[in-house]
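First comes the structure, then the notes that go with it.
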Amino acid sequence: MTNQSNDGLNDQNEATKIRSEKLQKIRQLGIDPWGMRFDNHQKVEKVLTLPSIPFDDNPTENVRIAGRIVLRRVMGKVHFLHLWDHTGRIQVMIGQKQIGELGWKLAELLDLGDQIGIEGVFGKTKTGEPTVKVLQLTFLGKSLEPHPEKFHGMSDMEYRLRHRYLDLIYTPETLERSKQRIVILRTIREYLEKQDFFEVETPIFHAIPGGAAARPFITQHNALDIQLYLRIALELHLKRLLVGGLERVFEIGRVFRNEGIDQKHNPEFTMLELYQAYGDYRSMMDLTEGLILSCIDKLGGGYLRPWGSKQVDFTPPWKREKYADLFLQYVGVALTDQNAVVQQAQKHHIPIENKEHDVLVHELFERCVEHHLEGPIFVCDYPAALCPLTKRKWDNPAIAERFELYIHGMELANAYTELNDPDTQAETFRRQLTGLPEEESMAKMDQEFITALRHGMPPAGGLGIGIDRLVMLLTNTQSIRDVILFPLLRPEQNNH
RNA sequence: GAGCUGGUAGCUCAGUCGGUAGAGCAACAGACUUUUAAUCUGUGGGUCGUGGGUUCGAUUCCCACCCGGCUCACCA
């Protein structure tokens with residue numbers, strides 16, 4: 001008790017103080033309260049598949065489990081615990097008789113949230129509950145803080161996000177979603193590697209933030225004394241790798257966009273971008289479909305998937321519609337009809353001053369068409385002015401070979417036949433799209449990138465998929481904060 | 001950025017038409033060798049988000065601020 005303050009730096013309340021005192025008592029038993037190596041333990045999920053026969057019939061199945069105490073019922077000389085690991089929870093029985101004197105002293109000091117290792121016999125209690133009767137108890141780690149309530153768990157969103165480690169333990173959906181995200185990422189890598197794609201890593205610091213239309217985060221390198229930007233896309237470096245002959249490359253990486261936060265947007269998010277030499281945007285459509293379907297197959301649950309109160313039917317083949325046709329259908333005029341487009345824009349209260357025709361067209365598209373796109377639907381052939389990195393149709397320079405995949409109004413994937421003509425690329429970089437603030441234009445001159453193209457980039461298809469949104473759609477999660485383990489939150493301060 | 005809404009014990013919540021607060025679980029002490037959110041008896045625990053104002057008195061009313069949630073606007 002003399003050096004109690006060493007373990008109780010943050011004792012603000014009774015509960016934490018008592019836990020610190022228990023930690024000392026565990027030390028006094030000659031046990032390290034922070035545990036040690038505990039090999040060869042079995043996962044709870046696996047133990048629960050073993051045959052469980054009543055303890056009266058002397059079961060012989062020996063098991064060894066490590067986990068966290070999430071429930072504790074003390075019945076005098078026998079304690080029932082629920083031990084949790086990420087595969088499930090299992091009932092554990094500690095009896096004074098079987099456990100020995102030291103073990104019993106330790107058992108009486110256990111708290112909810114502590115981590116223990118157990119070794120014992122797996123069987124069934126009189127009430128039929130699969131249970132491990134503990135013969136050997138190992139202490140693996142103290143929780144100095146009380147854990148959430150055993151029945152209601154955690155319900156406050158802010159509390160869950162700021163204590164994600166607890167959320168994973170006490171909100172099963174959070175754990176399940178996190179595992180599904182892992183499955184999706186693994187499946188994507190397997191799928192692409194099977195098709196001879198190389199996974200590569202490109203810089204996060206960019207001298208010129210290119211490849212997308214977004215406001216960047218700005219940072220500083222001291223030794224070089226230069227301003228740098230966190231990347232807003234992966235595109236320009238991956239294309240350099242095509243010049244370098246890598247043919248099929250992909251990167252799954254974090255990109256950063258200095259914009260608002262809402263249910264569909266986190267300032268840092270995970271993008272998959274891939275480039276395939278000698279392909280085009282049609283190859284990307286097939287690949288997108290195959291990639292997402294393989295994820296669905298791996299997750300299980302079939303092609304008809306819930307989305308809130310609605311459903312998405314992923315059964316292939318997915319619809320493919322032309323941008324111009326959808327525009328005509330939902331806006332009611334041809335997108336080439338300049339006067340009619342201006343009229344429609346006025347009708348929908350879209351400010352028109354100084355905007356290029358194609359910018360107006362797209363604003364109308366977003367206003368009038370997107371919410372109809374329940375999808376999955378590939379919207380193909382965009383107005384060229386909107387796509388400075390995309391190859392134009394051979395016979396129609398007004399149209400870019402690009403598609404976006406929409407599902408329930410969300411843009412999930414974006415793909416091009418990549419522009420590999422350096423002169424046209426330089427031209428589109430030079431030409432500022434009017435009507436858009438500079439930071440919203442994709443057209444930022446990157447001379448080094450142009451130089452790379454001048455050395456000859458093969459014709460190629462390129463694809464970008466927002467991984468967070470894909471996970472949302474496949475796991476029926478309405479908020480991006482629930483598919484990202486640690487979404488950005490304002491730091492907690494002591495008020496102002 | 002705008003509108004609406006919330007912040008009370010470790011967790012989940014109730015409440016105070018202004019008189020400094022309650023419950024369940026968790027904790028502590030005790031009973032209990034087969035419980036299932038165990039039960040029973042007793043006990044402790046709160047700067048009611050922060051700051052200011054009004055008031056004899058504020059957790060409650062007013063103002064500002066901090067941190068969330070939802071809706072909208074912008075971006076994937």
Side-chain angles (χ1 to χ4, degrees), chain A residues 12-19 21-22 54-56 70-82 89 91-99 104 111-113 123-131 133 143-163 166 170 211-216 232-233 255-273 363 366-367 370 404-407 409-414 436-437 439-440 442 464-470 472 478-481 487 489-496:
Chain A
Q12 325 99 324
N13 63 45
E14 194 195 6
T16 55
K17 204 178 291 172
I18 288 166
R19 281 170 180 260
E21 286 167 11
K22 284 187 182 175
F55 285 114
D56 290 343
V70 292
L71 200 65
R72 185 162 177 257
R73 290 185 285 272
V74 175
M75 313 271 312
K77 289 173 180 131
V78 65
H79 296 182
F80 290 93
L81 312 178
H82 281 193
R89 48 168 76 194
Q91 177 166 278
V92 162
M93 194 182 84
I94 303 178
Q96 191 181 22
K97 246 190 220 165
Q98 301 91 39
I99 198 74
W104 187 247
D111 275 320
L112 291 178
K124 206 186 274 184
T125 59
K126 279 172 189 157
T127 52
E129 179 80 12
T131 300
K133 194 186 265 184
S143 173
L144 291 173
E145 296 286 336
H147 281 225
E149 207 238 352
K150 64 186 178 189
F151 186 60
H152 296 95
M154 301 156 72
S155 67
D156 180 60
M157 181 73 160
E158 185 179 0
Y159 186 81
R160 287 177 43 219
L161 293 182
R162 292 193 196 277
H163 304 82
L166 293 176
Y170 296 99
R215 246 171 286 193
I232 56 173
V255 298
F256 308 85
R257 300 192 182 174
N258 207 338
E259 280 149 8
I261 298 175
D262 64 29
Q263 290 191 339
K264 292 192 179 79
H265 301 267
N266 194 57
E268 54 177 311
F269 62 102
T270 302
M271 280 280 290
L272 160 68
E273 284 195 28
E363 287 185 17
E366 286 173 335
R367 182 75 58 95
E370 276 188 359
E404 289 204 23
L405 173 65
Y406 280 88
I407 299 177
M410 270 207 286
E411 294 160 50
L412 191 66
N414 184 16
L436 288 177
E439 66 267 12
E440 285 175 27
M442 276 197 234
I465 295 182
I467 295 297
D468 311 279
R469 289 186 172 181
L470 178 64
M472 286 171 70
Q478 315 295 310
S479 168
I480 199 167
R481 291 182 203 92
L489 286 180
R490 243 181 234 278
E492 254 180 329
Q493 289 165 341
N494 293 328
N495 302 293
H496 45 283

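To find a chain, count down the sequence lines: A is the first, B the second, and so on, and within it residues start at 1. Atom set for the values below is all heavy atoms of this structure, side chains included, hydrogens, waters and symmetry mates excluded.
- Comparing B:rG69, B:rU34, B:rC67 by their closest approach to the side chain of A:Leu161 singles out B:rG69.
- Here A:Met75 lies in heavy-atom contact (under 4.0 Å) with a base.
- Checking the phosphate oxygens (OP1, OP2) of B:rG68, no side-chain nitrogen or oxygen of A:Arg160 falls inside 4.0 Å.
- To the nearest angstrom, P of B:rC72 lies 12 Å from NE2 of A:His265.
- Contact annotation: the side chain of A:Asn266 never approaches that of A:Arg481 to less than 4.5 Å [non-hydrogen atoms, C-beta and beyond].
- Between the P atom of B:rC75 and the CD atom of A:Gln263 lies a distance of 18 Å, rounded to the nearest Å.
- Within the 4.5 Å cutoff, the side chain of A:Ile261 has heavy atoms near those of the A:Pro267 side chain.
- Interface remark: the A:Thr125 side chain does form a donor-acceptor pair with the B:rU35 base, using a distance-only criterion of under 3.5 Å.
- The aromatic rings of A:His147 and A:Tyr170 stand perpendicular to each other, their planes meeting at an angle above 60°, with 30° marking the opposite boundary.
- Residues A:His82 and A:Lys150 fail the side-chain proximity criterion, which asks for heavy atoms closer than 4.5 Å.
- Between the A:Asn414 side chain and the A:Glu404 main chain, no donor and acceptor come within less than 3.5 Å of each other.
- Residue A:Asn258 is classed as having no contact, given no heavy-atom separation below 4.0 Å to the nucleic acid.
- Contacts of A:Phe55 with the nucleic acid, taken as non-hydrogen atoms under 4.0 Å apart, are absent.
- Relative to the side chain of A:Asp111, the nucleotides B:rC28, B:rC32, B:rG44 differ in distance, and B:rC28 lies closest.
- Within 4.0 Å (heavy atoms only), A:Glu129 reaches at least one base atom of the nucleic acid.
- The gap from the C1' atom of B:rU59 to that of B:rA27 amounts to 25 Å, rounded to the nearest Å.
- Minimum atom distance to the side chain of A:Leu71 is reached by B:rA37, of the listed B:rC28, B:rA37, B:rC25.
- Residue A:Arg481 has its side chain nearest to B:rC70 when only B:rC70, B:rG45, B:rA38 are considered.
- Judged by distance alone with a 3.5 Å cut-off, no donor-acceptor contact links the side chain of A:Asp262 to the base of B:rC72.
- If you check B:rC70 for Watson-Crick or wobble pairing at under 3.5 angstrom, you find it paired to B:rG3.
- Picking from B:rC28, B:rG69, B:rU33 the nucleotide with the shortest atom distance to the side chain of A:Ile18 gives B:rC28.
- Interface remark: the A:Gln91 side chain does form a donor-acceptor pair with the B:rU35 base, using a distance-only criterion of under 3.5 Å.
- Across the interface with RNA chain B, nearest-nucleotide mapping of A:Ala15 and A:Pro148 shows A:Pro148 to be the residue nearer the 5′ end.
- Within the 4.0 angstrom heavy-atom criterion, no nucleotide atom of any strand lies near A:Lys124.
- When the P atom of B:rC11 is taken as reference, atom CZ of A:Arg72 falls 21 Å away, rounded to whole Å.
- Between A:Asp156 atom CG and B:rU5 atom P there is a gap of 19 Å when expressed in whole angstrom units.
- For the C1' atoms, the distance from B:rA37 to B:rC65 is 41 Å, rounded to whole Å.
- Atom CD of A:Glu366 and atom C1' of B:rA73 are 12 Å apart (whole Å).
- Rounded to whole Å, the distance from CD on A:Glu370 to C1' on B:rA73 is 14 Å.
- A gap of 12 Å separates the C1' atoms of B:rU55 and B:rC62, to the nearest Å.
- Comparing B:rC40 with B:rC32, their C1' atoms are spaced 9 Å from each other, to the whole Å.
- A side-chain donor-acceptor contact under 3.5 Å links A:Arg19 to the backbone of A:Ser143.
- Comparing B:rU50 with B:rA21, their P atoms sit 16 Å apart, to the nearest whole Å.
- Rounding to whole angstrom units, CD1 of residue A:Ile480 and P of B:rC75 are separated by 16 Å.
- Contact annotation for A:Gly153: backbone-only contact, meaning every heavy-atom pair under 4.0 Å involves sugar-phosphate atoms and none involves a base.
- The separation of B:rC28 from B:rC56, taken at their C1' atoms, amounts to 40 Å, rounded to a whole angstrom.
- Between A:Leu470 atom CG and A:Thr270 atom OG1 the span is 11.5 Å, to the nearest 0.5 Å.
- A close approach under 4.0 Å does occur between a side-chain nitrogen or oxygen of A:Arg490 and OP1 or OP2 of B:rC67.
- When the P atom is compared between B:rU54 and B:rU47, the two are found 26 Å apart, to the nearest whole Å.
- Contact annotation for A:Met93: base contact, defined as any heavy-atom pair under 4.0 Å involving a base atom.
- Nucleotides B:rG44 and B:rG22, compared at atom C1', are 15 Å apart to the nearest Å.
- Side chain of A:Glu149, nearest nucleotide from B:rU33, B:rC75, B:rC25: B:rC25.
- Nearest heavy-atom pair, A:Gln263 versus A:Met472, reported as atom, atom and distance to 0.1 Å: O-CE, 3.8 Å.
- In this structure a side-chain-to-backbone donor-acceptor pair under 3.5 Å is missing from A:Arg215 to A:Glu259.
- Counting any heavy atom pair closer than 4.0 Å across all strands shown, A:Val255 reaches no nucleic acid atom.
- One cannot find a donor-acceptor pair under 3.5 Å joining the base of B:rC11 and the side-chain atoms of A:His152.
- The pairing partner recorded for B:rA38 is none, the criterion being a Watson-Crick or G-U wobble arrangement whose two distances lie under 3.5 angstrom.
- Between A:Tyr159 atom OH and B:rU8 atom C1' the separation is 16 Å, expressed in whole Å.
- Side-chain N/O atoms of A:Ser155 include none lying less than 4.0 angstrom from OP1 or OP2 on B:rC11.
- You'll find that the side chain of A:Lys150 is closest to B:rA38, out of B:rU34, B:rA38, B:rG44.
- Minimum atom distance to the side chain of A:Leu489 is reached by B:rG68, of the listed B:rG44, B:rC25, B:rG68.
- Nearest-nucleotide positions on RNA chain B place A:Pro146 closer to the 5' end than the other of A:Pro146 and A:Glu404.
- B:rU43 and B:rA27 make up a base pair, with Watson-Crick or G-U wobble contacts both under 3.5 Å.
- A:Glu145 contributes no side-chain N or O that forms a donor-acceptor pair with the base of B:rG10 under 3.5 Å.
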